[in-house]
Amino acid sequence: MTALLDVKGLTKRFGGLVAVKDIGFKIEAGEILGLIGPNGSGKSTVMKCIMGIEKPNAGSVKLDGIDVAGWPTHRIARAGVGIVFQHARPLQRQTILEHIKLALLPDNLLMLATDHGVTRRAEEIAARVGLSQVMHRLPRTLPFADLRRLELAKAIARNPKVVLVDEPFAGLTSGEVADFSALIGSFRAEGHAVLLVDHNVKSVAALVDRVLAMYLGEYVAEGSAEEVMRNETVRRVYLGGKIETAARPEREGKDRTPLLDVRGLGVLYGKATALDDVSIHVGEGEFVSVVGLNGAGKTTLFNAISALVPYSGTINWRGETLAGRTPGSIARGGIVQCPESRELFGDMSVRENLDLGGQHFPVAEAAKQLDWLFGLFPILKARQGQAARTLSGGEQQMLAIARALMMRPKLLILDEPTLGLAPVILEQLSKALEVLRQTTDITVLLGEQNVTFALPHADRVYVIEHSRIIWEGDPARFAEEAGAGYL
Ligand SMILES: Nc1ncnc2c1ncn2[C@@H]1O[C@H](COP(=O)(O)OP(=O)(O)OP(=O)(O)O)[C@@H](O)[C@H]1O
Ligand SMILES: [Mg+2]
């Protein structure tokens, strides 16, 4: 029996960098192959080469026995390959249902868009991915997880034989991951061949039939999930160890004026309430985690603090109001936010992005800081000259965090820093935060739905749900009192 997808000797170079080197695998109909590896190991590049978004330098990509390597993307799509990107750019004027209808139609038959059969089928797909309630809304009004559902809905509508799914679980909560796993599992049940990339190791292992691990563009291991996760190289370069933190002494000055004091914060987006009477405070040197599901209001809270959205209520910084201050002046005053959306300058190099963060410091001080960050994220040192937009997903996340640290914040706000990072990098980041805590007076406000990362570091935890703070307390009490639904 010929495999539905048969990749041999796939190689892709970017200048002197070999991003993918002699990679091969087969996927049968009704099979899911997991592709794992640290950030920058070439996983997305493999998918882009199969899809024709990047032209491979060597190798064959056989689809049902026909070599499509080097074909243009639209022909490969028509031959039956579909990709679910991590970062979707939906059309802004089309509703969710219209997006699904467009995906249902072959590209030159758009006039059929009014066909009742098409509408009915699109509605069925919307229901299947859980978008029924919102199918007449525009993408920009929807939370992150729903946009990911839309991407899956489009893939279902196009009905490709081979589905490439890049990081579907990133930024999703455990409940959402379960829903998505079921949907991806249904691709298998319907006889599609699926290639799945994600850093959520547990969920990948639970879903796939086999796993292929790569590192620095090269093959490392292939086998059952269990076999591959036991492989020594995979453990060393990808999985890393457990996140551990040292016990912390009771903080001094606990009762002094908090560094940041947010009281009765309200934010409206049009008529929708994004934050309702939210009060939090962060003491000097404290590490505070705000835990909440997608859409709960974490990002809005951080954006209000950084003066990026209008709000009611008060925000005091070192005892003085932030009302009327511009985002730039707030950042210079020591509150630096590393946003979920990264906001990198894509056409500028890694180095230029970092230098921007350090521009307010004397040259020698900035150089020292840069050195320290390069020690923390060696890949950024190696890629100083590379344009930020061509970095892998996880590399971009590292750059965004490094740029924020480059500004030497007094208060560092990290919005979902774990998004798209390999386990081993999470462990490194975790260690770096520990070093920062113990050697500097940095204060951290962390927004996460990944509690395994958010809890170990935190002095104090807030839980935000539907625009309100519903719990505050010690991380040790979290599991008992607030953990349901997160752990
Ligand atoms: N256009 C490009 N020019 C230069 N280098 C590139 C380009 N595209 C990708 N790379 C590099 O190739 C390597 C592989 O990137 P790729 O996006 O495939 O990694 P990945 O395994 O998907 O990583 P992640 O898990 O972080 O998403 C990375 O180091 C990346 O910086
Ligand atoms: Mg990637």
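The structure displayed is predicted, hence computed values, not measured ones. Sequential numbering from 1 along the given sequence is applied to the chain's residues. Atoms within a ligand are numbered from 1 in the order they appear, just like the ligands themselves.
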Listed partners of E54 passing side-chain contact (heavy atoms from CB on, under 4.5 Å), at least two apart: K12, F14, K48, C49
Under 3.5 Å: donor-acceptor pair, side chain of S41, backbone of G217: no
Close-contact set for ligand 1 against G394 heavy atoms, below 4.0 Å: 24 (P), 26 (O), 27 (O)
Under 3.5 Å side-chain donor-acceptor pair for D166 and S44: yes
Check: L17 N/O within less than 3.5 Å of ligand 1 N/O: no
Side-chain donor/acceptor of E448 to backbone N/O of T418, under 3.5 Å: yes
Atom indices of ligand 1, in the order listed, that fall short of 4.0 Å to a heavy atom of N39: 23 (O), 24 (P), 25 (O), 26 (O)
From CA spacing to verdict: side chain to side chain contact (heavy atoms under 4.5 Å, CB included), M398, N39: CA-CA 10 Å; M398 290 182 235; N39 298 118; 3.8 Å; yes
Nearest protein heavy atom with distance in Å, relative to atom 9 (C) of ligand 1: T390 O, 3.3 Å
Salt bridge (Lys or Arg N to Asp or Glu O under 4.0 Å) between E151 and K154, worked out: CA-CA 5 Å; E151 288 311 294; K154 281 158 59 184; 3.2 Å; yes
Single hit among L445, V336, L446 for side chain to side chain contact (heavy atoms under 4.5 Å, CB included) with L414: L446
Distance from atom 5 (N) of ligand 1 to nearest protein heavy atom, with residue and atom: Q386 NE2, 3.2 Å
Taking atom 29 (O) of ligand 1 as the reference point, the nearest protein heavy atom with its distance: R383 NH1, 2.6 Å
Any side-chain donor near an acceptor of the partner, R383 and S349, under 3.5 Å: no
Contact partition for E167 relative to ligand 1, non-hydrogen atoms under 4.0 Å: side chain
Heteroatom proximity flag, G393 to ligand 1, N/O under 3.5 Å: yes
Residue and atom name of the nearest protein heavy atom (relative to atom 24 (P) of ligand 1), distance in Å to one decimal: S392 OG, 3.5 Å
Distance-only donor-acceptor check, side chains T443 and E286, under 3.5 Å: no
Partners passing side-chain contact (heavy atoms from CB on, under 4.5 Å) against E343 (at least two apart in sequence or in another chain): P339, S341, R403
D64/K62 ion pair, N-O < 4.0 Å: no
The Mg ion (ligand 2) neighbourhood, protein N/O/S only, threshold under 2.8 Å: S44 OG
Proximal atoms of ligand 1 relative to A19 (non-hydrogen, under 4.0 Å): 12 (O)
Option with minimal heavy-atom separation from atom 25 (O) of ligand 1, where the choices are E54, K43, R13: K43
Within-shell test, G37 vs ligand 1, heavy atom, strictly < 4.0 Å: no
Atoms of ligand 1, numbered as shown, that sit under 4.0 Å from any heavy atom of S44: 17 (O), 18 (O), 20 (P), 22 (O)
Within reach of ligand 1, part of H199 (heavy-atom separation under 4.0 Å): side chain
Residue and atom name of the nearest protein heavy atom (relative to atom 4 (C) of ligand 1), distance in Å to one decimal: F14 CB, 3.5 Å
Atoms in ligand 1 with a heavy atom of L391 nearer than 4.0 Å: 31 (O)
Positive for side-chain hydrogen bond (donor to acceptor under 3.5 Å, both in side chains) with E31, one of K26, H192, R210: R210
From CA spacing to verdict: side chain to side chain contact (heavy atoms under 4.5 Å, CB included), E167, F85: CA-CA 8 Å; E167 294 198 33; F85 287 113; over 6 Å; no
Taking atom 14 (C) of ligand 1 as the reference point, the nearest protein heavy atom with its distance: G40 O, 3.4 Å
H457 and S430: side chain donor to acceptor below 3.5 Å: yes
Close N or O approach (E395, ligand 1; < 3.5 Å): yes
Exercise: do T300 and Y269 side chains pair donor with acceptor under 3.5 Å: yes
By side-chain contact (heavy atoms from CB on, under 4.5 Å) - contacts of A213 (at least two apart): I36, V220, V228, V234
Heteroatom distance test (G42, ligand 1): nitrogen or oxygen, under 3.5 angstrom: yes
Closest approach of any protein heavy atom to atom 18 (O) of ligand 1, naming residue and atom: T45 OG1, 2.5 Å
